[in-house]
> 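The following block contains the structure, expressed as structure tokens.
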Amino acid sequence: MLNDMACILLTRDEIAKRVAEIGGELSALYQNEERPIFLCVLKGSVVFFADLIRAVDLPIDIEFMSASSYGAATVSSGEVKVVSALDEKIRGRNVVLVEDIIDSGRTIAYIKSDMLKKGVKSLKVVTLLDKPSRREADVTPDISGFEVPDEFVVGYGLDYDQKYRNFPDIGILKPEIYGG
Ligand code: IMP
Ligand code: MG
């Protein structure tokens, strides 16, 4: 997989250090609050999610939902499909939405408004990566791990056409791999 990368943007050690910091920040934030639900937005967030929840030193609940707007492309279609929602479980709860990357912001904007309609008590958005240069929807994460340039990145859960999710670092994919 390394051969398909133009370069490594973030190493596993850099990621681990930042994930530990975010876990500490969230532990402090929810220390005196009702037990939060950490909600994993599949599939891209799954690796970050697994590391993050173990960096939080508090009782929490975990849930999963699917959202996809890409298919086999590197540009968001803008059409967000929420495959499974969890209306009853999240009503009245403190929800921490865990995303891999915020790009156009359409996915998170859609999920956010949907959650607020469903009556969550509070909602915080945590993203590992943020590509603010490509933002179209008016959303800002409450916590972001790293700001990344306008390049297509893969690894640590992030895919191109379902590949590279199991690559342990985060790399910039060679444009020839996706015909760019
Ligand atoms: P948005 O709706 O444009 O913000 O897209 C968010 C989703 O697109 C993320 O959750 C990722 O699954 C995917 N995505 C955006 N940029 C990248 C990238 O550089 N690499 C891999 N997936 C990406
Ligand atoms: Mg995603």
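Just follow the structure's listing: the first ligand is 1, and inside any ligand the first atom is 1. Sequential numbering from 1 along the given sequence is applied to the chain's residues.
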> Find all atoms of ligand 1 within a distance of less than 4.0 Å from any non-hydrogen atom belonging to Gly105, and give their numbers and elements.
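This gives 1 (P), 3 (O), 4 (O) as the contact atoms.
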> Which of the atoms in ligand 1, numbered in the order shown and given with their element, are less than 4.0 Å from a heavy-atom of Thr107?
1 (P), 2 (O), 5 (O), 6 (C)
> Does Lys43 have a heavy atom less than 4.0 Å from any atom of ligand 1?
no
> If you compare all heavy atoms of Glu14 against all heavy atoms of Leu9, which two are closest, and at what distance to 0.1 Å?
OE1-O, 4.0 Å
> If you count the atoms of ligand 1 from 1 in the order shown, which ones are under 4.0 Å from a heavy atom of Arg106?
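Counting from 1, the qualifying ligand atoms are 2 (O), 4 (O).
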> Got a salt bridge between Asp159 and Lys43, using NZ or NE/NH1/NH2 to carboxylate O under 4.0 Å?
no
> Is there side-chain contact between Leu58 and Leu26, with at least one heavy-atom pair below 4.5 Å?
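Heavy-atom side-chain distance check fails, nothing below 4.5 Å.
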> Which bit of Leu158 gets closer than 4.0 Å to ligand 1, counting heavy atoms only: side chain, backbone, both or neither?
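For Leu158, the contact with ligand 1 is made by the side chain alone.
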> Would you call Arg93 and Asp61 a salt bridge, taking side-chain N to carboxylate O under 4.0 Å as the test?
yes
> Taking C-beta and beyond as the side chain, do Val154 and Met1 meet within less than 4.5 Å on heavy atoms?
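No, every pair of side-chain atoms sits at 4.5 Å or beyond.
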> Just let me know how Asp100 lines up against ligand 1, side chain, backbone, both or neither, with a heavy-atom cut-off below 4.0 Å.
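Asp100 to ligand 1: side-chain contact only, backbone stays beyond 4.0 Å.
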> Looking only at heavy atoms, is any part of Glu151 under 4.0 Å from ligand 1, and if so is it the side chain, the backbone, or both, or is it neither?
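Within the 4.0 Å criterion, Glu151 contacts ligand 1 through backbone atoms alone.
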> Can you sort out which atoms of ligand 1 are near Glu99, meaning under 4.0 Å from one of its heavy atoms?
10 (O)
> Would you tell me whether Tyr156 and Asp100 have side-chain atoms, one donor and one acceptor, within less than 3.5 Å of each other?
no
> Could you walk me through whether Tyr164 and Asp4 satisfy the side-chain hydrogen bond (donor to acceptor under 3.5 Å, both in side chains) test, starting with their C-alpha distance in whole Å, then the side-chain angles of each, then the deciding distance to 0.1 Å, before giving a yes or no?
CA-CA 9 Å; Tyr164 311 105; Asp4 294 350; 2.6 Å; yes
> Please indicate whether any nitrogen or oxygen in Phe152 is less than 3.5 Å from any nitrogen or oxygen in ligand 1.
no
> With a 4.0 Å cut-off on heavy atoms, is Asp159 in contact with ligand 1?
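A heavy atom of Asp159 does come that close to ligand 1.
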> Please confirm whether Ile101 approaches ligand 1 to less than 4.0 Å, judged on its heavy atoms.
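In this structure, Ile101 qualifies as a contact of ligand 1 - some heavy atom is under 4.0 Å.
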> Under a 3.5 Å threshold, yes or no: a donor from one side chain and an acceptor from the other, between Ser27 and Asp57?
no
> Measuring from the heavy atoms of Gly44, does anything fall under 4.0 Å of ligand 1?
no
